[in-house]
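Report on the following structure.
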Amino acid sequence: MAVLDSTGRLLGRGLYNPRTGIACRLLTRRDELVDADLIHRRLTGALQLRQAAGLAGDGFRLCWSEADGLPGLVVDRYGPVSVVQCQTLGMSRLGGWVAGALGRLFPGGSIYRADDATAARIEGFEPQRGWLTGAPSSDGGAEIEIADGPCRLLVTLGAGHKTGLYLDQRENHALVARYSAGRRVLDAFAYHGAFSCHALLAGGGPAVLIESSAEAQAGARRNLEANGVAERAEVRAANAFDELRQLEAAHERFGVVVLDPPPFTRRKEAVEAAARGYKEINIRGLRLLEPGGVLATFSCSHHVTPEMFEGICRDAAGDAGVTARILTPLTQARDHPVLLNVPETRYLTGLLLQAV
Ligand code: SAH
């Protein structure tokens, strides 16, 4: 639809869904057609951006919604496969154009559709899951193995979280690994164990992984096996809040602690409660550090800003009685670009802290 101002001047064209809080998502601010060619141009630009930055490897995010000029569309690349996730009603209807553009960009590649069920319910469309093209392997399976630096990571398309992996943490996995050699590792909220696999391959360990979901624990075990580091790791099926408390009570110490929880809130009104949750785990994470140990701590709640998160960690350090140096602020990987004009495109914030 066209969006006009009160004088009738064209402001842009976008996808309209009156059912949601954001009724119109702009695809262009120019007087140009929203057609298959526009989608192709946007995806071509997104690929060029990643290629120029050296980010277009075996697993990367090709398209990050508003930040790539295609609101409601996420495309992740795993080897020869493009995984398409439509997050709005409008974009779900343009799925055919998206598939066509990907077919032109990656001739011979496969395309898998993995819409998010929650977004589909809010927006009012039927989420699609499955191959839009032939599968890369003849058995039609949805298992892909990708190389992430020295690490092998297994991806089961259409299962688990995101489109398969937390690609947004890819650069942080490698960064934390640099601090891990010779250090005992605690990987809380581990999902498929990517932080641990990288840390163990870099000479860290032994590692303790804490994860409450059975599916994610199984994924972590498979990745640890695939990298030949399973004997130096222990996957604990536990609630991280409880397990952190118990580790602290037992006076355990680690050289590297990772706290990468799911979003504690998706609503602005619940930020206070979320802050209490972040503070609690960070107090415990800091107390579990040996002298000189490092804590990589994250929030992926949209409404928790970097400033807010730093304040929470400062309070936590005060309560924990730990003096900590900020080694570096942390954020989402560069293939998840941030649009200055749309601050919501930045959602992952974190700190790499060192106990002094
Ligand atoms: N660190 C991972 C991503 C973590 S996503 C990576 O880099 O790939 C957050 C994970 O926390 C999910 O796997 C989810 O199942 C798990 N989780 C959620 N609540 C939890 C809890 N209370 N205790 C332990 N794990 C939890």
Side-chain angles (χ1 to χ4, degrees), residues 59-61 76 78 116 118 145-146 148-149 151-156 159-177 179-180 185-202 204 207-224 226-227 229 233-248 254 256-266 273-274 276-282 284-285 288 294-302 304 330-333 335-336 347-352:
F60 68 98
R61 176 151 294 186
D76 288 340
Y78 297 111
D116 179 56
T118 310
E145 186 179 298
I146 64 151
D148 186 17
C151 197
R152 321 268 336 149
L153 294 173
L154 301 168
V155 188
T156 306
H161 305 166
K162 300 260 184 182
T163 60
L165 288 183
Y166 283 82
L167 292 172
D168 52 359
Q169 287 286 25
R170 206 158 47 98
E171 292 172 347
N172 296 324
H173 296 149
L175 181 66
V176 169
Y179 290 88
S180 297
V185 175
L186 178 64
D187 182 1
F189 307 93
Y191 188 54
H192 288 181
F195 273 110
S196 293
C197 288
H198 278 274
L200 289 163
L201 286 173
V208 174
L209 292 77
I210 310 175
E211 172 55 55
S212 61
S213 135
E215 181 279 327
Q217 292 151 21
R221 289 198 180 93
R222 284 188 311 154
N223 278 333
L224 291 162
N227 287 285
V229 293
E234 182 196 343
V235 180
R236 292 192 188 163
N239 180 330
F241 282 84
D242 300 336
E243 189 64 23
L244 289 167
R245 196 176 310 124
Q246 281 172 20
L247 288 167
E248 189 197 330
F254 296 86
V256 173
V257 174
V258 178
L259 298 174
D260 185 21
F264 286 161
T265 176
R266 293 185 194 278
R276 283 194 293 280
Y278 288 120
K279 187 175 166 192
E280 176 178 340
I281 57 172
N282 280 287
R284 302 200 192 285
L288 288 168
V294 300
L295 168 66
T297 179
F298 300 95
S299 158
C300 58
S301 304
H302 280 266
V304 176
L330 300 169
T331 187
Q332 63 219 43
D335 53 5
H336 295 54
Y347 62 97
L348 183 66
T349 185
L351 291 172
L352 189 66

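The first residue of the sequence shown is numbered 1, and numbering continues consecutively from there. Note that ligands are numbered from 1 as they come in the structure, with each ligand's atoms numbered from 1 the same way.
- Looking at every heavy atom in both residues, Y191 comes nearest to H161 through OH-N, 3.0 Å.
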Does ligand 1 have any N/O pairs with the protein under 3.5 Å, and how far apart?
from, atom 1, to, atom 2, distance (Å)
ligand 1, 1 (N), F189, O, 3.2
ligand 1, 1 (N), D260, OD2, 2.7
ligand 1, 7 (O), H173, NE2, 2.8
ligand 1, 13 (O), E211, OE1, 2.8
ligand 1, 13 (O), E211, OE2, 3.3
ligand 1, 15 (O), E211, OE2, 2.6
ligand 1, 22 (N), N239, OD1, 3.2
ligand 1, 23 (N), A240, N, 2.8
ligand 1, 25 (N), S212, N, 3.2
ligand 1, 25 (N), S212, OG, 3.3

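- Checked by atom type and distance alone, the side chain of Q332 pairs as donor or acceptor with a backbone atom of Y347 at under 3.5 Å.
- With sequence neighbours left out, the side chain to side chain donor-acceptor pair (under 3.5 Å) criterion links D116 to no other residue.
- Salt-bridge formation is not detected for the pair E243/R245: no Lys NZ or Arg NE/NH1/NH2 atom is positioned less than 4.0 Å from an Asp or Glu carboxylate oxygen.
- Here the shortest heavy-atom pairing between P261 and F189 reads CA-CG, 3.5 Å.
- Not one N or O on the side chain of S301 forms a donor-acceptor pair closer than 3.5 Å with the backbone of V304.
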